[in-house]
Structure formats: C-alpha cells, structure tokens
Amino acid sequence: MERDAAGEGVRCLVTGATGYIGGRLVPELLAAGHRVRCLARSPERLRDHPWAPDAEVVRGDVTDAASVARAMEGVDVAYYLVHALGTGKDFEETDRRAARTFAEQARAAGVRRIVYLGGLTPAGVPEDSLSPHLRSRAEVGRILLDSPVPATVLRAAVIIGSGSASFEMLRYLTERLPVMVTPSWVHTRIQPVAVRDVLRALAGSALMPPDVNRTFDIGGPDVLTYREMMVRYARVAGLPRRVILPVPVLTPGLSSHWVGLVTPVPSSIARPLTESLRHEVVCREHDIARYVPDPPGHPIGFDEAVRLALRRVRDARVTTRWSSASVPGAPSDPLPTDPDWAGGSLYTDHRELVVHASPEALWRVVEGIGGENGWYSFPLAWAVRGWLDRLVGGVGLRRGRRDAARLRVGDSLDFWRVEEIEPGRLLRLRAEMRVPGLAWLEMRALTGPDGRTRYRQRALFHPRGLLGHAYWWSVSPFHAIVFGGMARNIARAAAASPLPAKADHATHP
C-alpha cells in the first residue's frame, strides 16, 4: 500500500485505543503522517490524551456491525487490537463473533488491509492443548486471514515495556521477592519483545504490499527462560541476586493467585499470562523485516528493553498501562446527573469543609490522591478493603497511578477509574472494586461566596438488589471515620502544602 496522490498517509482505523498497545500506536501512526480514526465504546476516555486533537474518535463496539460499518467508512487500514478475555466463560465465542463482524464490515467498506496483534503460539502443540487465551488469539488471526481483505497478523510473546502487564508482573515478582518459590514454568523458553519494536511493526504494516496475507512472528534477539528474565531484570535494576526455587505443584490457576498476591496484576489477568508460559514460545521466522526493515539497534535486546521501561517508570512518563483498558465486568455506567434520579435508590455521603489554603493548593492534593500518596484516611481500612477485593477476584488497591501528579479521564487509580476531571475543580472516580452496585467518589475544590476555599466530597452508591442495600447499611457506620477523616486530612494536607515557587524574572543568558 502506498501513500495517496497528495502524499498524505493512509487512513487508519484503530480499535482498542483505550488499551495499552492501541493508546501507544495512535501517536506512532500520526507521527508517520497517517490519518487516524479511533473506535471506542467510551470516546470520552480518550479526551485527555495528548494526541486526541489530531485524531478522530467515534463511538462504537466491535460486536456491533452498524457502528463498525460507520467507523470503516473511507478507511484504508483497520487495526484490530481488542479481545474479550475475562468477559466470561464464553469469551472465545465473543472474540469469534467480533472478529467475523470486523472482517465482514472491512470487506463491505473496501478496506485494503487488516492488521492484528495476536499471541505467539508454540510449535508442534495441538491447538486444543493451548490455553483458552492463546487458542482464541490464534482463531481470531485465522478468521481475519481467511477474509477477502488482506491481513497482517503479528504474533508476539512477552511484551516488555513500561506499564505492560507482562513487564509489571516480572518487575514486581523480582523486586518484591528476593527469595522465590516459583512454578515450573520459570524454565520455559520465551522470546520477549520490546514494546517499541511491536509498535514499529504495527505502524509499518500500514504500508505493506496488497499481496501479503500472512502471520509474522515478532520477537527480540534474546531467547530466555522466565528465570533468566528475572535474574537479568534484577541485574539491570541494580538489585541483589535473586534466589529462585521452582516447585512442580503450582498449577496455572494457583500460579495466577500467587502472582495476584505479589503483584498489582489481578489473578483474572495473571491467569492467561501464566497459562501462556506453559509452552515454549519462540519465533520461527523474522520475515517481517522484509516489509518493515530493522533500523540500527533493533530489535531491542531484553536488557535494553528493561532499561528503557525502568527509565520511563522512574521519570513518570508511562503513557499507557495494562490497566488502561477497562476491567472486564467492571461497571461502566456514568454517574446519573439528575438530582432526582429515577433509576432507583442512590445513597450519598456528603462532606464539606472550609480549607485554609488556596484552591490551587487544595487541587494539588486532590489530583495527587491514591497510589503512593494513599487516601488520607484510616490506611488499614483501605488496605483491608483492597485485600478483600483481591480475594474475590477484584483489582485491589495495588494498581496505583499512571502518573504521580496528573490524572486524565480513563486512568485507573487503585480500585477506582477516573470518570471525569475538570482541572482545578472536579475529580470524579468510579469504583471498579467488587461491590453489589455502582459506586462513585467525587471531590471538588471550590471558592465559596465568602471568598474562602471549600472542599466538597460526595460518596455515592446505587445498590443492586437487597444485597446492595444491606452492603450500604453495613458499611455506613464507618463512613464518619473513613470519609469524614478523608475530608479533614485532605484539608489539612492542602493547608500544610508549600506555596508554589514564584517565577524567577531574572534575565538568563
């Protein structure tokens, strides 16, 4: 495929732009001169991305043929970067149906190429012996290749990059456990790939010749066992040598709970990752280089990929994270805006305080909440709530923050997600913890009629069934401690925060 007569790039549709890879691919395509349209179930979650003004965003879902058809209009290359993993026992059927819908609408719209990122499958292993995750990825790739539209199916194993689930799993296992009792899959050989090389291959596939319709294995130059990856991560990160003791009794299910206990990656996401490590996943070819040539220094080696990822983590420049995508099964309903909401009961806990600080100082505390800064109230209660959430398969508190100081719509924040943010004024969080209903936490920095700064906080809960009502009344006695203490401590933190440095008007050479 070539650029159009005016020299402009091709027109690309990106699905999964709210996810880890899709959110990084969009700016790569824009930088290459292509025009980008994003298909998202919640377009507002892309509003605060730096590249948002340069891309078109449309609402839709890959399982909805009508919305896919609208999104495909005038598109040359369609990127399929979504999957239904974790949405329930029938996720393979959902993936199958979505892939067929996508392929059919691409053909109808005259799309010239589909590009898909799947998983590297082990050689010589029957498909019915693969994990459901890998099996579904392989089937989706086959559906797209069998369609009339030429397809590029890229297959990667472990992706190493700041914020990727695989990297976070490796990072926290290695950093938190100097002595590890590990599953037998730590001896499985893997060919990890740097996220920069994955993005380079994806972006380069937009200009692939029209006669190419095939899979490509993509990987870095190193083939390592998971044990070797942990040892080399420790060396790059400057950690003491780790002691690793593999045992044969940890099944993939038990392994996922073990990973969920030690790392921020919940067991629902850890399980497909660990199941995929049961078999050797090593590239059998590097034919992608014929169409997307390797520049000097690429593919990036494992040690350099870890070094680059750690630098971004330490510099707080993680643009997307594994938690960028919505948690399967998490509530997505927006906060009802009608004060006399007709959707049923809506319990609220309301707090308002005068703050002896500027609204700007108060806002810095509000926007910095969560993660390493905590929740300004009864840390043990928040920790226990996080552990309980993990025990029932939720995300818990350990997702932390993407950025230590700034938030944007769609960011995960411990077991919340940013639903709305008005810089300097409003932060609204939607709960993604396991609760029998829908929950929000809203924080506002205001200037009252008397000119004084005010902090307004609301916790809202829409119960689901009798269990939801029982849940609210069982925890409401603790609200004075948890939410009342939170409001008071946020006000104190704002009052105690140092004033921002004054601008230096001196002339510098």
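Throughout, residue positions are numbered sequentially from 1 according to the sequence presented.
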Salt-bridge criterion met for [X] and [Y] (N-O under 4.0 Å):
X      : Y      : value
Arg47  : Glu44  : no
Glu432 : Arg430 : yes
Asp95  : Arg137 : no
Glu442 : Arg458 : yes

Donor-acceptor pair between Thr121 and Arg155 side chains, under 3.5 angstrom: yes
Distance-only donor-acceptor check, side chains Ser147 and Arg107, under 3.5 Å: no
Can you tell me how far the [atom1] atom of [X] sits from the [atom2] atom of [Y], to the nearest 0.5 Å?
X      : Y      : atom1 : atom2 : answer
Leu30  : Glu28  : CG    : CD    : 9.5 Å
Ile288 : Arg200 : CD1   : CZ    : 8.5 Å
Tyr233 : Tyr226 : OH    : OH    : 10.5 Å
Tyr79  : Leu202 : OH    : CG    : 6.5 Å
Glu367 : Leu426 : CD    : CG    : 11.5 Å
Glu56  : Leu13  : CD    : CG    : 9.5 Å

Any donor and acceptor pair, going by atom type alone, linking the side chain of [X] with main-chain N or O of [Y] inside 3.5 Å?
X      : Y      : value
Arg196 : His298 : no
Ser205 : Ala201 : yes
Asn373 : Gly368 : yes
Ser162 : Arg312 : no
Asp294 : Ala289 : no
Asp197 : Ile300 : yes
Gln191 : Gly219 : no
Arg37  : Ala71  : yes
His34  : Val10  : yes
Arg425 : Trp363 : no

Atom CD of Glu285: over 12 foreign heavy atoms under 6.0 Å: yes
Just wondering, do [Y] and [X] contact through their side chains at under 4.5 Å, heavy atoms?
X      : Y      : answer
Val115 : Met208 : no
Thr15  : Phe102 : yes
Arg113 : Val212 : yes
Arg112 : Val77  : no
Arg70  : Val58  : no
Val366 : Tyr455 : yes
Glu420 : Trp440 : no
Pro50  : Arg408 : yes

Working for side-chain contact (heavy atoms from CB on, under 4.5 Å), residues Thr152 and Tyr291: CA-CA 11 Å; Thr152 300; Tyr291 307 100; over 6 Å; no
side-chain hydrogen bond (donor to acceptor under 3.5 Å, both in side chains) partner of Asp411, the single match among Arg402, Arg45, Arg401: Arg402
Ignoring hydrogens, what is the shortest heavy-atom contact between [X] and [Y]? Give both atom names and the distance.
X      : Y      : value
Leu120 : Cys283 : CD2-N, 3.8 Å
Tyr116 : Gly141 : CE2-N, 3.7 Å
Ala357 : Ala494 : CB-O, 3.4 Å
Ala69  : Gln105 : CB-OE1, 3.2 Å
Leu39  : Ser67  : CD1-O, 4.3 Å
Val195 : Gly161 : CG1-CA, 3.7 Å

Step-by-step side-chain contact (heavy atoms from CB on, under 4.5 Å) determination, Val36 to Asp54: CA-CA 8 Å; Val36 178; Asp54 301 315; over 6 Å; no
Criterion side-chain contact (heavy atoms from CB on, under 4.5 Å) on Phe461 and Val435, from CA distance to verdict: CA-CA 10 Å; Phe461 182 66; Val435 290; 4.2 Å; yes
Evaluation steps, side-chain contact (heavy atoms from CB on, under 4.5 Å), between Arg232 and Asp222: CA-CA 12 Å; Arg232 287 173 66 164; Asp222 302 303; 4.0 Å; yes
Whether Trp416 and Trp375 hold their rings parallel, tilted or perpendicular, with breakpoints at 30° and 60°: tilted
